[in-house]
Q: 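Can you keep this structure in mind? I'll have questions shortly.
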Amino acid sequence: MMEVPLFLRGILVITGKNMRLYYTKPPVLMFGVLFPLFMFFAFFVGRHLDLTTFFPAFLAMMLFFTASSVGPLITPWEKREKTYERLLSYPVTQDSIILGDVTAGAIFGIGISLLVWIASALFIPVAVMNTGLFVLAFILGTLSCAALGVLLASPAADSPPNVMIFSNLIRFPLIFISGIFVPLVDMQGWGLALAYCSPLTYLVDLFNAAMSGKSAFSPFIDCGVLILVSAGFILAARVIQKRNMMKGM
Amino acid sequence: MNAIQVEHLCKRFGTVTAVNDVSLTVREGETFGFLGPNGAGKTTTIRLLTGVLTPDAGSVRINGIDIHRHPLDAKMQMGVIPESSTVYGDLSAEQNLHLSAKMYGMPRAVREKRIDGILLQLGLNEKRRFLVRTFSKGMKQRVSIACAIIHLPRVLILDEPTSGLDVQSRRLVIETIHHMNEQGSTIFLTTHNIEEANTLCQTVCIINKGKIVAQDSPERLKKMFDTTQSVEVSFDRTVTRDLFAAEGILRAEPCGDKWRLYTDNPDWILKYLVGCAERESLGITSLTTSGPSLEEAFVHLTECA
Ligand SMILES: Nc1ncnc2c1ncn2[C@@H]1O[C@H](COP(=O)(O)OP(=O)(O)OP(=O)(O)O)[C@@H](O)[C@H]1O
Ligand SMILES: [Mg+2]
């Protein structure tokens with residue numbers, strides 16, 4: 001247990017390195033910042049939708065895209081640039097690398113989404129009914145989405161473009177089944193069943209609960225699901241990466 | 001305590017056994033050369049030593065610390081240059097060093113002083129703020145070395161640190177390794193340059209097809225193959241060892257249908273063999289002499305196994 005401080009320091013240093021190196025990479029800016037903004041303009045602006053009703057869902061989508069766009073890039077990028085082996089020979093383990101990548105993704109998600117929220121608050125009247133829940137939604141949302149991002153990078157690949165394509169194949173469908181464009185209360189049948197399966201649904205619901213006070217589930221359920229999926233994603237990433245390590249670099 | 005203690009290490013990739021029951025000991029303070037042909041398993045062994053790969057069996061201890069039980073503590077003792085290693089191209093030389101130093105938990109004040117010194121020592125001071133992406137191969141390798149020795153590691157592990165470098169860079173790298181060794185670091189390195197191993201290392205270990213085939217000081221390995229030359233001879237009749245009982249023949253070994261004779265005077269042995277053949281009315285059917293070099297020894301060891 002003498003190793004705990006070493007372990008935490010490793011996570012911290014790796015997070016710092018990721019923030020410095022990967023936040024400005026084109027794929028991150030493209031899929032993490034520009035893309036959700038385009039989606040916002042395409043779907044919400046000019047369609048005479050009630051912005052206050054849809055804003056929580058939009059914020060959830062923004063958070064989802066930003067937080068999950070850093071993770072898929074880092075490990076494949078490092079493998080391609082051959083810096084991954086050196087990184088592993090520092091006093092870190094695969095666990096510190098995974099957690100460092102998750103943290104970097106989460107901070108990116110929080111930062112950008114916070115900016116968007118502040119900017120929108122200047123133009124649109126967006127109320128926050130429950131500040132505590134709002135903060136919790138931000139934290140749990142970025143954590144689970146960043147963990148998903150890292151999981152998407154775990155299948156052995158040293159090609160960032162392939163991993164980005166793969167991760168978008170998973171991420172895009174999620175935004176259509178998670179109650180972002182069609183509120184959960186208006187869904188039924190298969191749509192609703194699918195929505196129950198998407199972790200993003202619970203984040204959207206949590207934002208609804210925090211901002212407008214109207215939600216489909218209890219916030220406790222939302223938080224519980226988000227915590228569970230975060231842990232699940234991280235554990236799955238860990239198992240996959242450990243297996244890769246047995247097979248070789 | 002030994003700096004590196006490896007016991008019965010095994011690693012398979014599918015059907016390929018890259019490292020097959022390797023055990024070795026590196027004493028504290030020595031420079032240990034790990035040689036072998038391409039694909040012998042050197043890099044795989046180094047990855048197992050540095051905790052980058054998980055072994056199928058066996059154990060590795062660095063200064064007595066088991067790398068798989070206490071990876072972080074063990075890695076704190078080490079500086080590593082992996083094969084085809086690169087540092088971060090999108091960071092400057094200085095930023096790379098800072099990152100490395102932070103990984104080893106060096107406080108800022110110590111870090112800055114050490115980085116200034118090391119940049120000067122490796123001739124990188126003028127380019128310290130340039131992105132490593134713009135560097136030549138030799139300069140990248142120097143940054144890589146700097147990152148590995150920033151914390152004055154007790155054990156320095158290098159996978160082909162001089163491959164592909166020009167004479168100047170190579171010398172600088174060798175000097176740096178020498179310097180680290182003088183300061184008390186134990187060095188474990190692989191190289192394809194036998195001359196380099198000969199001048200740097202106190203112990204040389206040769207691995208072939210995942211198995212260790214020889215481990216000795218270069219001088220002893222050299223003596224075995226360098227000052228002694230060998231002559232291979234075969235006759236048209238079977239002869240016994242008695243024929244070779246002469247003072248000039250150091251050793252005689254049957255080798256298939258031939259005899260291999262070791263000598264330090266090839267001129268004399270040729271005349272002696274001709275004399276013998278005439279006296280015993282034997283016909284010499286083949287006669288070859290092998291030239292002296294450590295390289296030859298290496299080739300021999302790695303072909304025989
Ligand atoms: N990740 C991997 N997957 C499958 N096989 C591998 C892997 N890594 C190494 N090998 C195999 O293991 C054997 C040993 O490889 P290794 O890289 O250790 O050799 P080496 O001694 O470092 O060679 P070189 O001098 O060319 O660097 C080779 O046959 C290689 O093909
Ligand atoms: Mg190699």
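In what follows, chains are A, B, ... by sequence order, proteins preceding strands, each numbered from 1.
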Q: Is a side-chain donor or acceptor of B:Lys102 paired with a backbone partner of A:Ile14 at a separation under 3.5 angstrom?
A: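 A pair under 3.5 Å: no.
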Q: What's the spacing between A:Ser89 OG and B:Ile157 CD1 if we round to 0.5 Å?
A: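 Rounded to the nearest 0.5 Å, the OG-CD1 separation comes to 9.0 Å.
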Q: A quick test of your reading: do over 12 heavy atoms of other residues, nucleotides or ligands sit less than 6.0 Å from NZ of A:Lys82?
A: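 Incorrect, the count does not exceed 12.
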Q: So, B:Lys75 side chain and A:Leu88 main chain: donor-acceptor pair closer than 3.5 Å or not?
A: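 Pair found, side chain donor or acceptor close to backbone of A:Leu88.
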Q: Are B:Tyr88 and A:Glu78 packed together at the side-chain level, in the sense that at least one heavy-atom pair is separated by less than 4.5 angstrom?
A: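 They are in side-chain contact.
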Q: Go through the atoms of B:Met76 and report whether side chain, backbone, both or neither lie under 4.5 Å from a heavy atom of chain A.
A: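 When you check distances to chain A, atoms from both the backbone and side chain of B:Met76 fall under 4.5 Å.
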Q: B:Thr86 side chain to A:Glu81 main-chain N or O, any donor-acceptor pair under 3.5 Å?
A: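 At least one qualifying donor-acceptor pair exists.
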Q: Can you tell which part of B:Gln95 gets under 4.5 Å to a heavy atom of chain A, answering side chain, backbone, both or neither?
A: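 For B:Gln95, the side chain is the part near chain A, not the backbone.
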Q: Can you tell which part of B:Ala148 gets under 4.5 Å to a heavy atom of chain A, answering side chain, backbone, both or neither?
A: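 For B:Ala148, heavy atoms of backbone and side chain both lie under 4.5 Å from chain A.
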Q: Which distance, rounded to the nearest 0.5 Å, do you find between the CG of A:Leu12 and the CE of B:Met103?
A: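 Rounded to the nearest 0.5 Å, the CG-CE separation comes out at 10.5 Å.
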Q: Would you indicate whether the side-chain heavy atoms of B:Arg12 and A:Met246 approach each other to under 4.5 Å?
A: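 They are not in side-chain contact.
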Q: Taking side chain as everything from C-beta outward and backbone as N, CA, C, O, which of these in B:Thr44 sits under 4.5 Å from a heavy atom of chain A? Side chain, backbone, both or neither.
A: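 No part of it gets close to chain A.
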Q: Just wondering, do B:Leu91 and A:Arg20 contact through their side chains at under 4.5 Å, heavy atoms?
A: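 Yes. Closest side-chain heavy atoms under 4.5 Å.
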Q: Rounded to the nearest 0.5 Å, what's the gap from CG on B:Asp90 to OG1 on A:Thr24? Could you check?
A: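 Interatomic distance, B:Asp90 CG to A:Thr24 OG1, rounded to 0.5 Å: 7.5 Å.
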Q: State, yes or no, whether a side-chain contact exists between B:Cys147 and A:Tyr90 at a heavy-atom distance under 4.5 Å.
A: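 Answer yes - side chains close enough.
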Q: Between A:Arg9, A:Lys242, A:Gln94, who has the most heavy-atom pairs with chain B when the cutoff is under 4.5 Å?
A: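 If we count pairs closer than 4.5 Å to chain B, A:Arg9 comes out on top.
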Q: Find the one option among B:Gln77, B:Met78, B:Lys11, B:Glu83 whose heavy-atom pairs under 4.5 Å with chain A are most numerous.
A: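 The residue among B:Gln77, B:Met78, B:Lys11, B:Glu83 with the greatest pair count is B:Lys11.
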Q: Less than 4.5 Å apart, side chain to side chain, heavy atoms only: is that true for A:Glu3 and B:Pro71?
A: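 Counting from C-beta outward, A:Glu3 and B:Pro71 do come under 4.5 Å.
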Q: Where on A:Arg86 is there a heavy atom nearer than 4.5 Å to chain B: the side chain, the backbone, both, or neither?
A: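 Answer is both: backbone and side chain atoms of A:Arg86 are under 4.5 Å from chain B.
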